[in-house]
Amino acid sequence: MKVTRVRALFVLTLLLISSSVFAKSSLSVTNLRTEYKQNPIGIDVTAPRFSWEILSDKQNTMQTQYEIRCALASKDLSKRDKNIYHVVVNTDQSVHVEYIGIPLKSRQRVYWQVRIKDNYNRTSKWSKPGFFEMALLSEADWKASWVETDIQEDTTLSNPAHFLRKEFKLEKSVRKARLYITSHGLYQSYINSKNVTEQVLTPGWTTYKKRLQYQIYDVTKLLSKGSNAIGIALGDGWYRGNMMWKDNRNLYGTTLATLAQLEVEYTDGSKEIIVTDGSWKSSNEGPILKSDIYNGEAYDARKEMEGWASIGFNASKWKGVKVKDYSKSNLVAPVGPPVMRVEEIKPIGITPKENGKYIVDMGQNMVGWIRLKVKGSAGTTVQLKHVEVLDKYGEIYTTNLRTADQLITYTCKGEGEEIYEPHFTFQGFRFVEVSGYPGELTTESLTGVVVHSDMTPTGTFVCSDSLLNQLQHNIKWGLKGNFVDVPTDCPQRDERLGWTGDAQVFAPTACFIMDAASFYTKWLKDLAADQNKNGKVGDVIPNAMGPDAGGHTGWADAALVVPWTVYLNYGDKRILEEQYESMKAWVDYMREHSKESMNEHLDEDFLWKYEWHYGDWLSYDVSNPSYMGAYTAVDLIATAYFAYSTDLLARSANILGKKDDVTKYSQLYNQVKKAFQNEYITANGRLVSDTQTAYVLALSFGLFPESMLKVAEFNFGYSVNMFKHITTGFLGTPRICQTLSDHGMLESAYMLLNRKEYPSWLYPVTMGATTIWERWDGQKPDSTFQDPGMNSFNHYAYGAIGKWMYSTVAGIDVDEKNPGYKNIIIAPQPGGGLTKAKASINTIYGKASTGWVLEEDVLTLNIIIPPNTTAKMILPTDKIENVTVKGKALQKVKGFEVVDCECEKVVVKVGSGEYELRVVQ
Ligand code: BGC
């Protein structure tokens with residue numbers, strides 16, 4: 001009896017021990033994404049790609065196998081015979097795994113889940129199911145007709161918004177309902193008076209004639225058996241509002257229109273479809289008197305039409321609609337993230353002014369709009385004028401907005417507290433001048449609604465210098481404000497265009513801060529769609545300037561640089577495949593025109609001297625003749641970019657296995673490089689434009705012959721240290737610190753980063769900037785302003801320094817040979833007086849981070865490498881004996897593979913896990 005009890009206890013203890021071991025030893029799969037999104041509704045990619053993250057409690061975890069199963073219902077996932085796709089593959093691939101099962105059909109929802117094996121021979125449980133739902137894959141799926149109001153308008157002016165409505169009856173209980181909808185102009189849609197979505201500024205901005213997005217909404221909960229109503233409001237937006245500077249309207253057409261299809265499935269499986277057609281009613285007599293991207297909105301609440309999107313509304317005075325046969329072949333499901341109200345901020349100060357006016361400080365230069373709370377008698381009009389800065393007298397500064405009004409006018413209906421948000425506009429502002437507000441304006445009256453493309457934030461950066469932390473903050477807010485479906489130059493003046501140059505220099509930084517993959521994927525499709533047949537790429541995308549505009553160096557090269565950046569950061573080969581023809585066409589265009597030398601005595605010279613270029617836009621320019629400016633010859637820049645883009649094309653061809661093109665473009669690259677050397681490098685290794693930008697481009701694009709590198713580095717360093725500041729513009733600035741640190745001039749890079757006087761990144765910070773400025777001296781120390789013709793206070797281009805802060809100061813970067821953070825480069829380069837820095841990034845594999853603290857001469861590094869990835873650590877010491885891991889010599893610690901000790905730094909390879917290293921400096 002006693003023996004039995006002891007044995008039972010022993011068995012129980014064993015069980016407890018083994019179960020606790022088991023509980024500790026875990027491997028699981030999480031964060032399932034399809035085409036970068038969690039459970040997307042409405043995609044038209046016919047071979048969607050799956051990605052997942054792995055969680056493991058063991059270091060050095062690698063996936064060795066995945067098993068994916070797909071079914072049309074989540075309950076069928078576990079039934080093998082009901083799986084529409086089931087694969088087991090021995091591989092470490094856990095991102096961008098293509099669905100290659102039976103062809104997918106329109107509207108089909110597919111559930112999927114995955115389980116994996118790892119290198120410890122563990123098998124995870126099946127992940128929680130994810131799903132994706134297909135959009136409408138064929139034009140024939142559209143049963144709806146385009147409709148527009150039957151109203152005469154003077155389209156040379158801003159007009160009232162249009163409203164369209166329809167009532168309908170649903171005979172049975174609804175199991176599922178989807179609304180497929182788009183418009184010419186912007187739309188908001190309501191079912192039974194409820195907004196169908198949190199998305200705003202739909203259908204977004206694309207090159208409408210060739211690619212018009214429609215959205216897909218799950219509206220099941222908004223419908224019920226019996227009578228229902230649907231309403232759609234339309235505003236001018238990018239389609240026909242004021243765009244591209246002053247008084248330019250109707251870029252894509254003069255009339256607003258909508259196309260909507262509401263598909264209902266009843267609980268008994270039968271279906272119903274409600275479409276836009278000739279039976280709809282329309283009106284333009286509602287409260288939105290005018291709305292415009294640049295100019296704002298005028299809203300008269302007295303004209304609200306209570307219940308216009310509900311049943312029983314008296315629409316007897318409404319007009320009919322005209323049915324139109326506008327194209328449906330241009331319709332595409334959204335690729336990028338939707339534009340949303342992402343966050344809200346409250347004012348930090350209110351200053352009363354004369355005539356009952358107030359100036360409200362939101363504390364942050366932001367993009368979006370104000371939600372206004374007001375209680376006034378009917379007819380009371382409140383005006384909100386939005387500006388970015390105040391002048392030295394504390395008054396609003398409007399001149400840099402050029403002709404953009406950024407004005408909201410709200411007229412009260414006089415029925416107690418009224419709450420209003422604009423519908424078809426957005427403003428870029430920190431300060432709001434409020435006039436006509438009845439009663440006392442308090443911080444309760446105004447809320448800043450921050451609007452942008454709803455990308456997942458991925459990066460964080462923090463270091464021991466609060467000014468540099470503020471700089472990163474400003475970079476992030478520059479990104480937020482300028483990622484409004486299109487990557488724009490600025491969000492406030494009469495511009496707000498998808499400038500390609502700005503986009504390409506900032507893309508590497510953006511990919512640290514946010515998951516920008518699908519955002520750029522969408523924009524690049526527009527870039528290709530708008531590309532001239534001859535290969536020319538627009539200055540702005542969507543190319544509102546017309547097919548002949550563009551072709552400018554450093555701008556058009558976005559066609560190569562942006563897909564390459566997405567490939568590097570997300571390991572996305574498909575973007576190279578899809579953009580390849582566009583990439584090639586731009587390089588071929590340069591090749592073609594490099595034959596057209598300005599010098600008729602020369603044959604094809606591989607120099608890109610054709611056409612006018614922006615060059616190193618906004619580079620250091622002085623009016624004082626005794627101080628040097630920094631003009632870099634544009635053909636030197638253009639030829640450098642010609643080489644760089646050709647090189648990227650050859651590398652892309654290699655990745656895609658296009659052997660002939662690898663040969664062709666590698667050869668072309670060598671020819672351009674040679675031509676560059678002959679034309680722009682003197683026999684002694686100086687560039688004919690002896691500027692920082694010239695050296696930055698030539699060095700970072702690898703254009704110097706090896707034998708001249710030292711001389712070139714010297715000349716470059718000389719220029720930086722002589723000026724002691726940047727003299728670079730749009731093309732030189734983004735790469736200057738990287739080029740300095742890559743060429744052994746880390747301290748000079750830190751000197752530039754730390755500088756607080758104009759011109760520098762920190763000068764605006766010391767002036768209280770909360771976003772990145774377009775000009776180094778947008779506002780001068782005496783509070784006067786730069787040329788108002790071009791003086792945005794929210795221009796992300798110079799924020800491109802952000803990448804260097806992540807990759808070199810904190811020390812985390814992608815590895816071109818194993819892109820998408822499959823292998824992570826950890827290479828912190830402390831300096832500049834900083835005592836600590838830390839950066840993290842939620843890579844497509846999971847969270848990676850690196851942080852260092854410098855105390856006396858000991859550098860403590862804390863590093864996280866996600867499962868199924870590896871890291872190459874390049875440590876800031878040349879002596880391996882200086883490195884310990886938890887007190888043990890590095891060489892003796894399991895898992896660390898020393899791969900190189902000969903160069904000036906210790907290089908080790910490790911697998912996933914968390915590490916703490918000490919490096920004695
Ligand atoms: C924009 C820039 C753009 C430039 C072209 C400006 O008006 O704001 O950021 O790249 O024009 O040089």
Side-chain angles (χ1 to χ4, degrees), residues 205 238 242-246 248 293-294 365 367 388-389 399-404 406 428 474-475 477-479 481-484 486-507 509-510 523 526-527 530 536-546 548-559 561-562 611-621 630-632 634 637-638 641 693 697 728-735 759 764 771-778 785-802:
W205 191 13
W238 293 287
N242 192 166
M243 276 315 286
M244 301 250 307
W245 307 289
K246 188 174 160 34
N248 195 25
I293 299 277
Y294 294 158
N365 199 9
V367 173
E388 292 186 292
V389 282
T399 329
N400 73 320
L401 303 175
R402 305 195 307 216
T403 65
Q406 295 221 111
N474 296 0
I475 294 169
W477 277 85
L479 185 162
N482 284 295
F483 278 53
V484 182
V486 163
T488 57
D489 56 335
C490 57
Q492 73 299 81
R493 68 180 179 221
D494 52 355
E495 196 146 348
R496 311 184 193 192
L497 302 168
W499 283 96
T500 41
D502 308 44
Q504 70 96 352
V505 298
F506 189 67
T509 297
W523 184 69
D526 288 307
L527 183 145
D530 265 343
K536 196 184 248 194
V537 178
D539 287 345
V540 295
I541 300 296
N543 192 355
M545 295 180 184
D548 294 327
H552 298 127
T553 195
W555 270 249
D557 297 275
V561 180
V562 180
E611 285 185 338
W612 177 88
H613 297 285
Y614 297 108
D616 192 28
W617 186 247
L618 301 187
S619 62
Y620 189 66
D621 190 13
Y631 173 76
T632 310
V634 286
I637 297 175
Y641 258 99
T693 289
L697 299 184
T728 46
F730 264 42
L731 298 182
T733 305
R735 295 172 169 269
T771 37
I772 299 294
W773 294 357
E774 179 176 25
R775 316 291 293 250
W776 294 119
D777 56 347
F785 296 103
Q786 247 286 3
D787 174 8
M790 193 114 54
N791 196 19
S792 146
F793 290 92
N794 195 355
H795 231 73
Y796 60 48
Y798 287 156
I801 186 66

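Please read these numbers as outputs of a predicted model, since none were measured by experiment. For ligands, and for the atoms within them, numbers begin at 1 and follow the listed sequence. Values below: all heavy atoms of this structure, side chains included; hydrogens, waters and symmetry mates excluded.
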What's the shortest distance from atom 4 (C) of ligand 1 to any protein heavy atom, and which residue and atom give it?
Trp617 NE1, 3.6 Å
Using 30° and 60° as the class boundaries, would you call the ring planes of Tyr614 and His552 parallel, tilted or perpendicular?
perpendicular
Specify side chain, backbone, both or neither for Arg493, according to which of its non-hydrogen atoms lie closer than 4.0 Å to ligand 1.
side chain
Heavy-atom closest pair (Leu497 atom, Met244 atom, distance to 0.1 Å) is CD1-SD, 4.0 Å
Using distance alone, determine whether His795 and ligand 1 share an N or O pair under 3.5 Å.
yes
Decide whether an N or O pair under 3.5 Å exists between Asp489 and ligand 1.
yes
What one should report as the nearest heavy-atom pair of Asp539 and Gly551 is OD1-N, 4.3 Å
In terms of ring plane angle, is the pair Tyr796 and Phe506 parallel, tilted or perpendicular, where the classes change at 30° and 60°?
parallel
For Val486 versus Trp523, what's the shortest heavy-atom pair and its separation?
CG1-NE1, 4.2 Å
Tell me: protein heavy atom nearest atom 5 (C) of ligand 1, and distance?
Trp499 CZ3, 3.4 Å
Considering the options Ile801, Leu479, Asn474, which one meets the side chain to side chain contact (heavy atoms under 4.5 Å, CB included) requirement together with Ile772?
Asn474
For ligand 1, which atoms sit closer than 4.0 Å to a heavy atom of Glu495?
1 (C), 6 (C), 7 (O), 8 (O), 11 (O)
Of the protein's non-hydrogen atoms, which lies at the shortest distance from atom 9 (O) of ligand 1, and what is that distance?
Asp502 OD2, 2.5 Å
So is Glu774 in contact with ligand 1, going by heavy-atom distances below 4.0 Å?
yes
Which atom pair, heavy atoms only, marks the closest approach of Trp499 to Met545?
CH2-CE, 3.6 Å
Just which atoms of ligand 1 are under 4.0 Å from any heavy atom in Met790?
6 (C), 7 (O)
